[in-house]
Amino acid sequence: MKSLITIAATLAILAVATGKLPWILFQVRKAQIHLIIESQASKWPKAMTLPSR
């Protein structure tokens, strides 16, 4: 876990230094919205029901 934090901090510093931080944040927001849309209940398969008589 500590190495993951170190990697994330290093990437954040590099993003700020190169001026790419706004672009990276935009891409992260797009990915978050995409995940929310994909996880909506309407995308889930329908539950199997027993046949009624």
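Basis for what follows: all heavy atoms, side chains included, without hydrogens, waters or symmetry-related copies.
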Visitor: Do Val16 and Leu25 belong to the same hydrophobic cluster, where Ile, Leu, Val, Met, Phe, Trp and Tyr are linked whenever their side-chain heavy atoms lie under 4.5 Å apart, directly or via other members?
Guide: yes
Visitor: Taking atom OG1 of Thr6 and atom CG of Leu11, what is their separation to the nearest 0.5 Å?
Guide: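 The CG atom of Leu11 is 11.0 Å from OG1 of Thr6, to the nearest 0.5 Å.
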Visitor: Check side chain to side chain contact (heavy atoms under 4.5 Å, CB included) between Ala15 and all other residues, then give those that pass, not counting sequence neighbours.
Guide: Leu21, Ile24
Visitor: Hydrophobic clusters join Ile, Leu, Val, Met, Phe, Trp and Tyr when side-chain heavy atoms are under 4.5 Å apart, directly or via other members; which others share one with Phe26?
Guide: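 None; Phe26 is a cluster of one.
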Visitor: Linking Ile, Leu, Val, Met, Phe, Trp and Tyr through side-chain heavy atoms less than 4.5 Å apart, which residues share a cluster with Leu14?
Guide: none
Visitor: Would you give the length of the straight line joining atom NZ of Lys20 to atom CD of Gln27, rounded to the nearest 0.5 angstrom?
Guide: 10.5 Å
Visitor: Can you list everything that forms a side chain to side chain contact (heavy atoms under 4.5 Å, CB included) with Ser3? Sequence neighbours excluded, please.
Guide: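 Ser3 satisfies side chain to side chain contact (heavy atoms under 4.5 Å, CB included) with no other residue.
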